[in-house]
Amino acid sequence: MATAAASSSSPSSTPPDNAVPSARQIVSIGTESDSYAFTFHEEELNAILRRIPAGWKVCVVSVVGAFRTGKSFLLSWFLRYLEAHCVQRGGGGATMGSSSSGTDDGKKWYERVQTLNQHEGSFDWRGGKERNTTGMWMWSDPYFLPRPSKGDQVAVLLVDTQGMFDHETTVGLTAAIFGLSTLLSSYQIYNVDKRIQEDNMQQLALFSEYGRIAFEVEEKVATKDAAEESGDPTDATEGEERKKVSGAQQPFQRIEFLVRDWQNFDTEDETDIASMEAEMDAYLAHVTAEREATDLKATRDQITSCFEEIGCFMMTHPGFGVIKNKYEGDVSKIEPLFMRLLDRYCHRVFNTTGVDAAGNSSPTLKPKTVRGRELSAVELGTYIKSYAQMFEE
Ligand code: GDP
Ligand code: MG
(Lines give C-alpha, C1' and ligand atoms only; values in the text may rest on other atoms or scores of the structure.)
(Ligands and ions follow the chains in the order given, each with its own letter.)
Protein backbone atom coordinates (compact mmCIF):
# COMPACT_ATOMS: atom_id res chain seq x y z
CA MET A 1 0.00 0.00 0.00
CA ALA A 2 1.14 3.53 -0.71
CA THR A 3 0.96 4.59 2.95
CA ALA A 4 3.21 1.77 4.08
CA ALA A 5 5.73 2.57 1.35
CA ALA A 6 5.78 6.20 2.42
CA SER A 7 6.56 5.49 6.03
CA SER A 8 9.15 2.82 5.36
CA SER A 9 11.50 4.85 3.19
CA SER A 10 12.54 8.45 2.95
CA PRO A 11 14.24 10.61 0.32
CA SER A 12 17.41 10.64 2.44
CA SER A 13 17.78 6.91 1.71
CA THR A 14 18.50 7.62 -1.96
CA PRO A 15 22.19 7.56 -2.95
CA PRO A 16 24.04 10.76 -2.10
CA ASP A 17 24.77 12.88 -5.12
CA ASN A 18 26.44 16.22 -4.78
CA ALA A 19 25.97 17.38 -8.34
CA VAL A 20 24.49 20.85 -8.74
CA PRO A 21 20.80 20.49 -9.69
CA SER A 22 20.22 21.13 -13.39
CA ALA A 23 18.11 20.14 -16.38
CA ARG A 24 19.36 16.86 -17.85
CA GLN A 25 18.81 16.03 -21.46
CA ILE A 26 16.84 12.80 -21.76
CA VAL A 27 16.21 13.07 -25.50
CA SER A 28 18.44 14.77 -28.04
CA ILE A 29 17.92 15.30 -31.74
CA GLY A 30 20.72 14.98 -34.26
CA THR A 31 24.03 13.13 -34.45
CA GLU A 32 27.12 13.77 -36.57
CA SER A 33 25.85 11.48 -39.31
CA ASP A 34 22.11 12.18 -39.09
CA SER A 35 20.92 15.62 -38.04
CA TYR A 36 17.37 14.30 -37.53
CA ALA A 37 18.17 11.27 -35.37
CA PHE A 38 16.19 10.89 -32.13
CA THR A 39 18.41 9.71 -29.25
CA PHE A 40 17.15 8.68 -25.82
CA HIS A 41 19.61 9.06 -22.92
CA GLU A 42 18.62 6.25 -20.62
CA GLU A 43 21.40 6.76 -18.08
CA GLU A 44 20.33 10.39 -17.50
CA LEU A 45 16.76 9.29 -16.82
CA ASN A 46 17.88 6.49 -14.50
CA ALA A 47 20.04 8.85 -12.45
CA ILE A 48 16.97 11.01 -11.78
CA LEU A 49 14.58 8.14 -11.07
CA ARG A 50 17.04 6.62 -8.59
CA ARG A 51 16.45 9.65 -6.37
CA ILE A 52 12.85 8.61 -5.74
CA PRO A 53 12.31 6.21 -2.83
CA ALA A 54 11.16 2.71 -3.78
CA GLY A 55 7.42 2.41 -4.26
CA TRP A 56 6.66 6.15 -4.17
CA LYS A 57 4.31 7.30 -6.90
CA VAL A 58 5.50 9.81 -9.46
CA CYS A 59 3.77 12.85 -10.98
CA VAL A 60 5.23 14.27 -14.19
CA VAL A 61 4.55 17.83 -15.31
CA SER A 62 5.61 18.57 -18.88
CA VAL A 63 5.42 21.70 -21.04
CA VAL A 64 5.16 21.61 -24.84
CA GLY A 65 4.54 24.26 -27.47
CA ALA A 66 6.18 26.57 -29.97
CA PHE A 67 9.71 27.77 -29.39
CA ARG A 68 10.26 31.06 -27.60
CA THR A 69 6.87 31.19 -25.96
CA GLY A 70 8.27 31.19 -22.43
CA LYS A 71 8.13 27.46 -21.62
CA SER A 72 11.53 27.27 -19.93
CA PHE A 73 10.91 30.59 -18.19
CA LEU A 74 7.68 29.18 -16.73
CA LEU A 75 9.37 25.94 -15.66
CA SER A 76 12.09 27.93 -13.92
CA TRP A 77 9.37 29.63 -11.90
CA PHE A 78 7.90 26.20 -11.14
CA LEU A 79 11.27 25.28 -9.62
CA ARG A 80 11.19 28.35 -7.37
CA TYR A 81 7.65 27.50 -6.30
CA LEU A 82 8.57 23.90 -5.52
CA GLU A 83 11.67 24.98 -3.59
CA ALA A 84 9.39 27.05 -1.37
CA HIS A 85 6.56 24.53 -1.02
CA CYS A 86 7.92 21.01 -1.24
CA VAL A 87 8.38 18.80 1.79
CA GLN A 88 11.81 17.66 0.64
CA ARG A 89 13.86 17.51 -2.50
CA GLY A 90 15.49 14.34 -3.78
CA GLY A 91 19.18 14.47 -4.67
CA GLY A 92 21.77 16.73 -3.18
CA GLY A 93 23.94 19.63 -4.14
CA ALA A 94 23.62 23.33 -3.75
CA THR A 95 20.24 24.85 -3.03
CA MET A 96 18.96 27.01 -5.78
CA GLY A 97 18.72 30.79 -6.10
CA SER A 98 16.66 32.27 -3.34
CA SER A 99 15.15 29.22 -1.76
CA SER A 100 13.39 30.39 1.34
CA SER A 101 10.99 27.78 2.59
CA GLY A 102 10.59 27.96 6.31
CA THR A 103 11.22 31.70 6.63
CA ASP A 104 8.35 33.87 7.73
CA ASP A 105 8.96 37.41 6.58
CA GLY A 106 5.36 37.94 5.41
CA LYS A 107 6.40 37.85 1.76
CA LYS A 108 4.94 35.56 -0.84
CA TRP A 109 7.28 32.92 -2.28
CA TYR A 110 7.79 34.84 -5.53
CA GLU A 111 8.45 38.14 -3.77
CA ARG A 112 11.60 36.61 -2.31
CA VAL A 113 13.07 35.95 -5.75
CA GLN A 114 14.97 38.96 -7.07
CA THR A 115 16.51 37.46 -10.18
CA LEU A 116 15.32 34.49 -12.17
CA ASN A 117 18.68 33.14 -13.32
CA GLN A 118 18.84 32.28 -17.00
CA HIS A 119 21.01 29.21 -16.61
CA GLU A 120 21.99 28.27 -13.07
CA GLY A 121 19.17 26.61 -11.14
CA SER A 122 16.86 27.05 -14.13
CA PHE A 123 15.69 25.38 -17.27
CA ASP A 124 17.79 27.40 -19.73
CA TRP A 125 15.58 30.23 -20.84
CA ARG A 126 16.87 33.05 -22.92
CA GLY A 127 16.21 36.25 -24.80
CA GLY A 128 17.14 36.75 -28.43
CA LYS A 129 15.90 34.99 -31.53
CA GLU A 130 18.20 31.98 -31.50
CA ARG A 131 16.57 28.73 -30.52
CA ASN A 132 18.06 26.32 -27.96
CA THR A 133 19.02 22.78 -28.94
CA THR A 134 16.09 20.52 -29.74
CA GLY A 135 15.07 17.76 -27.38
CA MET A 136 13.62 16.95 -23.97
CA TRP A 137 14.99 17.84 -20.55
CA MET A 138 14.07 16.60 -17.11
CA TRP A 139 15.04 18.39 -13.87
CA SER A 140 17.70 16.40 -12.04
CA ASP A 141 15.96 16.52 -8.67
CA PRO A 142 12.49 15.23 -7.87
CA TYR A 143 10.42 17.25 -5.40
CA PHE A 144 8.18 15.63 -2.82
CA LEU A 145 4.70 16.92 -2.08
CA PRO A 146 2.21 15.60 0.49
CA ARG A 147 -0.92 13.75 -0.56
CA PRO A 148 -3.23 13.84 2.46
CA SER A 149 -5.94 11.75 0.80
CA LYS A 150 -3.58 8.75 0.81
CA GLY A 151 -1.41 9.77 3.76
CA ASP A 152 1.73 9.63 1.64
CA GLN A 153 4.02 11.82 -0.42
CA VAL A 154 4.38 11.86 -4.16
CA ALA A 155 7.44 12.70 -6.24
CA VAL A 156 7.16 15.47 -8.83
CA LEU A 157 9.32 15.57 -11.97
CA LEU A 158 9.48 18.49 -14.40
CA VAL A 159 10.01 18.07 -18.15
CA ASP A 160 10.89 20.74 -20.70
CA THR A 161 10.73 20.35 -24.47
CA GLN A 162 12.54 22.45 -27.01
CA GLY A 163 12.51 23.07 -30.74
CA MET A 164 8.94 22.14 -31.61
CA PHE A 165 7.09 24.02 -34.34
CA ASP A 166 10.17 25.95 -35.36
CA HIS A 167 11.41 26.14 -38.91
CA GLU A 168 14.02 23.41 -38.55
CA THR A 169 12.44 20.51 -36.69
CA THR A 170 10.51 18.13 -38.95
CA VAL A 171 6.86 17.32 -38.31
CA GLY A 172 7.91 13.74 -37.52
CA LEU A 173 10.30 14.85 -34.78
CA THR A 174 7.83 17.35 -33.39
CA ALA A 175 5.25 14.56 -33.25
CA ALA A 176 7.79 12.28 -31.54
CA ILE A 177 8.60 14.88 -28.85
CA PHE A 178 4.95 15.80 -28.37
CA GLY A 179 3.95 12.11 -28.33
CA LEU A 180 6.65 11.00 -25.91
CA SER A 181 6.05 13.89 -23.52
CA THR A 182 2.31 13.15 -23.55
CA LEU A 183 2.99 9.48 -22.85
CA LEU A 184 5.28 10.14 -19.90
CA SER A 185 3.40 13.03 -18.25
CA SER A 186 0.45 13.06 -15.89
CA TYR A 187 -0.01 16.81 -16.44
CA GLN A 188 0.73 18.08 -19.93
CA ILE A 189 0.81 21.85 -20.42
CA TYR A 190 0.36 23.05 -23.97
CA ASN A 191 1.77 26.56 -24.18
CA VAL A 192 0.02 28.64 -26.87
CA ASP A 193 0.49 32.21 -27.96
CA LYS A 194 -2.35 34.73 -27.37
CA ARG A 195 -5.32 32.40 -27.98
CA ILE A 196 -6.26 28.78 -28.66
CA GLN A 197 -6.34 28.58 -32.44
CA GLU A 198 -7.93 25.79 -34.45
CA ASP A 199 -4.37 24.93 -35.56
CA ASN A 200 -3.42 24.28 -31.93
CA MET A 201 -6.43 22.01 -31.52
CA GLN A 202 -5.59 20.08 -34.69
CA GLN A 203 -1.95 19.64 -33.71
CA LEU A 204 -2.99 18.41 -30.29
CA ALA A 205 -5.44 15.94 -31.84
CA LEU A 206 -2.87 14.66 -34.32
CA PHE A 207 0.04 14.31 -31.93
CA SER A 208 -2.00 12.81 -29.13
CA GLU A 209 -3.29 10.21 -31.59
CA TYR A 210 0.32 9.48 -32.46
CA GLY A 211 1.01 9.01 -28.75
CA ARG A 212 -2.06 6.87 -28.36
CA ILE A 213 -0.99 4.48 -31.10
CA ALA A 214 2.40 4.08 -29.40
CA PHE A 215 0.59 3.50 -26.12
CA GLU A 216 -1.67 0.79 -27.50
CA VAL A 217 1.27 -1.08 -29.00
CA GLU A 218 3.59 -0.85 -26.02
CA GLU A 219 1.20 -0.98 -23.11
CA LYS A 220 0.86 -4.73 -22.75
CA VAL A 221 4.56 -5.48 -22.97
CA ALA A 222 5.59 -2.62 -20.72
CA THR A 223 3.08 -3.46 -18.01
CA LYS A 224 4.35 -7.01 -17.82
CA ASP A 225 8.01 -5.91 -17.67
CA ALA A 226 7.30 -3.32 -14.98
CA ALA A 227 5.57 -5.80 -12.70
CA GLU A 228 8.44 -8.25 -13.03
CA GLU A 229 11.14 -5.66 -12.57
CA SER A 230 9.63 -3.91 -9.54
CA GLY A 231 9.17 -7.18 -7.65
CA ASP A 232 6.48 -5.35 -5.68
CA PRO A 233 4.13 -7.92 -4.10
CA THR A 234 1.21 -5.49 -4.43
CA ASP A 235 1.59 -5.66 -8.21
CA ALA A 236 -0.37 -8.88 -8.47
CA THR A 237 -3.48 -7.52 -6.77
CA GLU A 238 -3.14 -4.15 -8.48
CA GLY A 239 -2.92 -6.05 -11.74
CA GLU A 240 -6.35 -7.48 -11.02
CA GLU A 241 -7.69 -4.00 -10.30
CA ARG A 242 -6.18 -2.80 -13.54
CA LYS A 243 -8.09 -5.38 -15.50
CA LYS A 244 -11.32 -4.14 -13.97
CA VAL A 245 -10.74 -0.49 -14.86
CA SER A 246 -9.38 -1.04 -18.35
CA GLY A 247 -11.69 -0.58 -21.26
CA ALA A 248 -12.74 2.61 -22.94
CA GLN A 249 -10.67 4.76 -20.61
CA GLN A 250 -8.67 7.63 -22.08
CA PRO A 251 -4.96 6.76 -22.26
CA PHE A 252 -3.74 10.16 -21.00
CA GLN A 253 -4.52 12.25 -17.96
CA ARG A 254 -4.55 16.03 -18.01
CA ILE A 255 -3.95 18.41 -20.89
CA GLU A 256 -4.02 22.10 -20.18
CA PHE A 257 -3.86 24.96 -22.63
CA LEU A 258 -1.72 27.70 -21.17
CA VAL A 259 -2.48 30.83 -23.15
CA ARG A 260 0.38 33.36 -23.01
CA ASP A 261 0.01 37.11 -23.56
CA TRP A 262 -3.78 36.96 -23.21
CA GLN A 263 -5.16 40.43 -23.86
CA ASN A 264 -8.88 40.01 -23.37
CA PHE A 265 -9.78 39.76 -19.70
CA ASP A 266 -13.06 41.58 -19.03
CA THR A 267 -12.27 41.68 -15.33
CA GLU A 268 -10.89 45.12 -14.62
CA ASP A 269 -9.80 44.59 -11.02
CA GLU A 270 -6.27 43.21 -11.38
CA THR A 271 -6.45 41.53 -8.00
CA ASP A 272 -9.63 39.59 -8.83
CA ILE A 273 -8.01 36.41 -10.09
CA ALA A 274 -11.12 34.32 -9.30
CA SER A 275 -13.17 36.27 -11.86
CA MET A 276 -10.38 35.85 -14.39
CA GLU A 277 -10.42 32.10 -13.77
CA ALA A 278 -14.17 32.09 -14.45
CA GLU A 279 -13.39 33.77 -17.78
CA MET A 280 -10.80 31.09 -18.53
CA ASP A 281 -13.35 28.34 -17.90
CA ALA A 282 -15.89 30.07 -20.14
CA TYR A 283 -13.30 30.46 -22.89
CA LEU A 284 -12.38 26.78 -22.76
CA ALA A 285 -16.03 25.77 -22.85
CA HIS A 286 -16.49 27.98 -25.92
CA VAL A 287 -13.43 26.55 -27.72
CA THR A 288 -14.26 22.92 -27.00
CA ALA A 289 -18.05 23.16 -27.48
CA GLU A 290 -19.77 20.76 -29.88
CA ARG A 291 -19.42 21.71 -33.53
CA GLU A 292 -21.57 20.86 -36.51
CA ALA A 293 -18.77 20.78 -39.08
CA THR A 294 -17.34 17.27 -39.37
CA ASP A 295 -13.64 18.17 -39.20
CA LEU A 296 -14.05 20.48 -36.20
CA LYS A 297 -16.10 17.83 -34.43
CA ALA A 298 -13.54 15.11 -35.20
CA THR A 299 -10.75 17.22 -33.70
CA ARG A 300 -12.71 17.73 -30.47
CA ASP A 301 -13.74 14.08 -30.23
CA GLN A 302 -10.16 13.03 -30.73
CA ILE A 303 -8.93 15.23 -27.86
CA THR A 304 -11.65 14.15 -25.44
CA SER A 305 -11.05 10.50 -26.25
CA CYS A 306 -7.33 10.85 -25.46
CA PHE A 307 -7.42 12.92 -22.24
CA GLU A 308 -9.32 12.45 -19.01
CA GLU A 309 -9.24 16.17 -18.17
CA ILE A 310 -8.88 19.31 -20.26
CA GLY A 311 -7.97 22.60 -18.62
CA CYS A 312 -7.21 26.16 -19.62
CA PHE A 313 -5.27 28.92 -17.91
CA MET A 314 -4.34 32.33 -19.20
CA MET A 315 -1.41 34.54 -18.40
CA THR A 316 -1.10 38.16 -19.42
CA HIS A 317 2.03 39.68 -21.01
CA PRO A 318 4.94 39.76 -18.53
CA GLY A 319 5.91 43.32 -19.54
CA PHE A 320 8.08 44.82 -22.23
CA GLY A 321 11.20 44.83 -20.06
CA VAL A 322 11.04 41.02 -20.04
CA ILE A 323 11.04 40.50 -23.79
CA LYS A 324 14.10 42.65 -24.47
CA ASN A 325 17.08 40.74 -25.87
CA LYS A 326 19.30 41.74 -22.98
CA TYR A 327 16.79 40.83 -20.26
CA GLU A 328 18.55 38.77 -17.62
CA GLY A 329 15.79 37.91 -15.19
CA ASP A 330 15.29 41.04 -13.04
CA VAL A 331 12.00 40.16 -11.33
CA SER A 332 11.13 43.81 -10.63
CA LYS A 333 10.65 44.24 -14.40
CA ILE A 334 7.82 41.67 -14.46
CA GLU A 335 4.26 43.05 -14.41
CA PRO A 336 2.51 42.46 -11.04
CA LEU A 337 -0.55 40.89 -12.69
CA PHE A 338 1.67 38.33 -14.47
CA MET A 339 3.16 37.38 -11.10
CA ARG A 340 -0.26 37.06 -9.45
CA LEU A 341 -1.49 34.82 -12.26
CA LEU A 342 1.73 32.82 -12.11
CA ASP A 343 1.25 32.36 -8.36
CA ARG A 344 -2.30 31.12 -8.87
CA TYR A 345 -1.17 28.85 -11.68
CA CYS A 346 1.60 27.27 -9.60
CA HIS A 347 -0.93 26.56 -6.85
CA ARG A 348 -3.16 24.90 -9.41
CA VAL A 349 -0.49 22.81 -11.10
CA PHE A 350 1.07 21.54 -7.87
CA ASN A 351 -2.19 20.93 -6.05
CA THR A 352 -1.84 17.41 -4.70
CA THR A 353 -4.00 18.06 -1.66
CA GLY A 354 -7.38 18.58 -3.29
CA VAL A 355 -8.13 22.05 -1.93
CA ASP A 356 -7.12 25.23 -3.70
CA ALA A 357 -7.83 28.94 -3.60
CA ALA A 358 -10.46 28.61 -6.31
CA GLY A 359 -12.41 26.06 -4.24
CA ASN A 360 -11.49 23.06 -6.40
CA SER A 361 -12.11 19.96 -4.41
CA SER A 362 -10.00 17.36 -6.16
CA PRO A 363 -6.25 17.41 -6.75
CA THR A 364 -5.15 18.63 -10.17
CA LEU A 365 -1.73 16.98 -9.97
CA LYS A 366 -1.88 13.21 -9.76
CA PRO A 367 0.70 10.47 -10.18
CA LYS A 368 1.22 9.13 -13.66
CA THR A 369 -1.26 6.33 -14.24
CA VAL A 370 -1.53 3.67 -16.89
CA ARG A 371 -5.02 2.26 -17.17
CA GLY A 372 -5.89 3.71 -13.82
CA ARG A 373 -2.87 2.35 -11.99
CA GLU A 374 -0.36 4.71 -10.38
CA LEU A 375 3.27 4.17 -11.34
CA SER A 376 6.36 4.04 -9.15
CA ALA A 377 9.71 5.35 -10.40
CA VAL A 378 10.89 1.91 -11.57
CA GLU A 379 7.68 1.34 -13.47
CA LEU A 380 7.74 4.80 -14.99
CA GLY A 381 11.32 4.19 -16.11
CA THR A 382 10.33 0.97 -17.86
CA TYR A 383 7.47 2.72 -19.65
CA ILE A 384 9.51 5.68 -20.78
CA LYS A 385 12.24 3.38 -22.08
CA SER A 386 9.89 1.28 -24.17
CA TYR A 387 8.18 4.34 -25.65
CA ALA A 388 11.46 6.10 -26.34
CA GLN A 389 12.90 3.06 -28.11
CA MET A 390 9.85 3.04 -30.30
CA PHE A 391 10.47 6.62 -31.39
CA GLU A 392 14.17 5.89 -31.95
CA GLU A 393 13.41 3.28 -34.60
P1 GDP B 1 10.91 28.69 -24.79
O2 GDP B 1 11.67 28.60 -26.07
O3 GDP B 1 9.43 28.48 -25.00
O4 GDP B 1 11.45 27.80 -23.73
O5 GDP B 1 11.04 30.22 -24.28
P6 GDP B 1 11.94 30.80 -23.08
O7 GDP B 1 11.40 30.36 -21.78
O8 GDP B 1 13.38 30.53 -23.35
O9 GDP B 1 11.64 32.34 -23.21
C10 GDP B 1 11.94 33.06 -24.38
C11 GDP B 1 11.75 34.55 -24.13
O12 GDP B 1 10.39 34.85 -23.85
C13 GDP B 1 12.56 35.08 -22.97
O14 GDP B 1 13.18 36.26 -23.36
C15 GDP B 1 11.53 35.37 -21.89
O16 GDP B 1 11.90 36.48 -21.12
C17 GDP B 1 10.28 35.68 -22.69
N18 GDP B 1 9.03 35.32 -22.00
C19 GDP B 1 8.84 34.54 -20.90
N20 GDP B 1 7.54 34.43 -20.59
C21 GDP B 1 6.88 35.14 -21.54
C22 GDP B 1 5.48 35.42 -21.75
O23 GDP B 1 4.57 34.98 -21.03
N24 GDP B 1 5.20 36.23 -22.83
C25 GDP B 1 6.17 36.75 -23.65
N26 GDP B 1 5.80 37.54 -24.66
N27 GDP B 1 7.47 36.50 -23.46
C28 GDP B 1 7.82 35.70 -22.42
MG1 MG C 1 13.02 26.49 -23.75
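In listed order, ligands and their atoms are each counted from 1.
Counting heavy atoms of neighbouring residues, nucleotides and ligands inside a 6.0 Å radius, atom CD of E268 does not exceed 12 of them.
Within the 4.0 Å heavy-atom criterion, the part of F338 lying near ligand 1 is the side chain and not the backbone. When non-hydrogen atoms are compared, ligand 1 lies under 4.0 Å from the backbone of R68 as well as from its side chain.
Listed by number with element, the atoms of ligand 1 under 4.0 Å from a non-hydrogen atom of T69 are 1 (P), 3 (O), 5 (O). Short contacts between ligand 1 and P318, defined as distances under 4.0 Å to a heavy atom of the residue, involve ligand atoms 21 (C), 22 (C), 23 (O), 24 (N), 25 (C), 28 (C). In the vicinity of I323, heavy-atom distances shorter than 4.0 Å reach the ligand 1 atoms 25 (C), 26 (N), 27 (N). Counting the atoms of ligand 1 from 1 in the order shown, those under 4.0 Å from a heavy atom of S72 are 4 (O), 7 (O). Less than 4.0 angstrom separates some heavy atom of F67 from each of these atoms of ligand 1: 2 (O).
Between OE1 of Q162 and OG of S72, the angle at the Mg ion (ligand 2) works out to 130°, rounded to 10 degrees.
S186 and Q253 are not linked by any side-chain donor-acceptor pair at a separation below 3.5 angstrom, with hydrogens and angles left out of the test. Side-chain contact, E279 with T267: a donor N or O sits under 3.5 Å from an acceptor N or O. A donor and an acceptor atom, one from each side chain of N351 and T353, are located under 3.5 Å apart.
Using a distance-only test at 3.5 Å, with no hydrogens or angles considered, no donor-acceptor pair links the side chain of R260 to the main chain of N191.
In the hydrophobic clustering of this structure, F338 groups with I189; members are Ile, Leu, Val, Met, Phe, Trp, Tyr whose side-chain heavy atoms approach within less than 4.5 Å, directly or through other members.
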